[in-house]
Amino acid sequence: MKKRMVLLTILSLMTLTGGGILLFNFFNGSQEQLEMTENRVYEYLMEERNYTDEEIDSIRTEYDWRNDRDDERGAYQAFVTFSDEEEYEYEYIYNELEGVRQIGRNEGEGNHSE
């Protein structure tokens, strides 16, 4: 009886832990994909758009599970703030097929709209 109880307890803990990890990843996304998005956007800005490191104030990545099936938005986004326009955040997405592209929320405003 004690062995059965110990076994049930261990199985329950494993199930709860596994479920918690899956739930965390569902709402927070893959940390690896977030890092890849940040790196690809940074490389794009430096190599293709010819920005310098000093011109890029920050890159913040975010996962939005509601956009997971939306091709225009994408689930993984990067929000870039440039040093000369700290009031604007420019939105970029990255995927394997299309690479990096700006999908912007500034509607043509700002110095860095593409």
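Source: prediction; values computed, not measured. Worth knowing before you read on, the calculation uses all heavy atoms, side chains too, and leaves out hydrogens, waters and symmetry mates.
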Min side-chain heavy-atom separation Glu86-Asp57 under 4.5 Å: yes
Measuring from Glu55:CD to Met46:CE, what's the distance to the nearest 0.5 Å? 8.5 Å
Can you measure from CD (Glu38) to CD (Gln77) and round to the nearest 0.5 angstrom? 14.0 Å
Pair Gln33-Tyr76, side-chain donor/acceptor within less than 3.5 Å: no
List the steps, then state whether side-chain hydrogen bond (donor to acceptor under 3.5 Å, both in side chains) holds for Tyr42 with Asp53. CA-CA 9 Å; Tyr42 180 78; Asp53 193 47; 2.9 Å; yes
Atom CZ in Arg40, atom CD in Glu35: separation rounded to 0.5 Å? 11.5 Å
Determine whether Val41 and Glu43 satisfy the following criterion, side-chain contact (heavy atoms from CB on, under 4.5 Å), listing intermediate values before the conclusion. CA-CA 5 Å; Val41 168; Glu43 290 169 4; over 6 Å; no
Ignoring hydrogens, what is the shortest heavy-atom contact between Glu89 and Thr81? Give both atom names and the distance. CG-OG1, 3.6 Å
Over all atoms of both residues, closest heavy-atom pair of Val80 and Ile56: CG1-CG2, 4.3 Å
Scan Thr61, Thr37, Leu45 and name whichever one has a side chain to side chain contact (heavy atoms under 4.5 Å, CB included) with Tyr92. Leu45
Kindly assign one of parallel, tilted or perpendicular to the pair Phe82 and Tyr51, based on the angle between their ring planes and the thresholds 30° and 60°. tilted
Can you tell me how far the OH atom of Tyr44 sits from the CZ atom of Arg101, to the nearest 0.5 Å? 11.0 Å
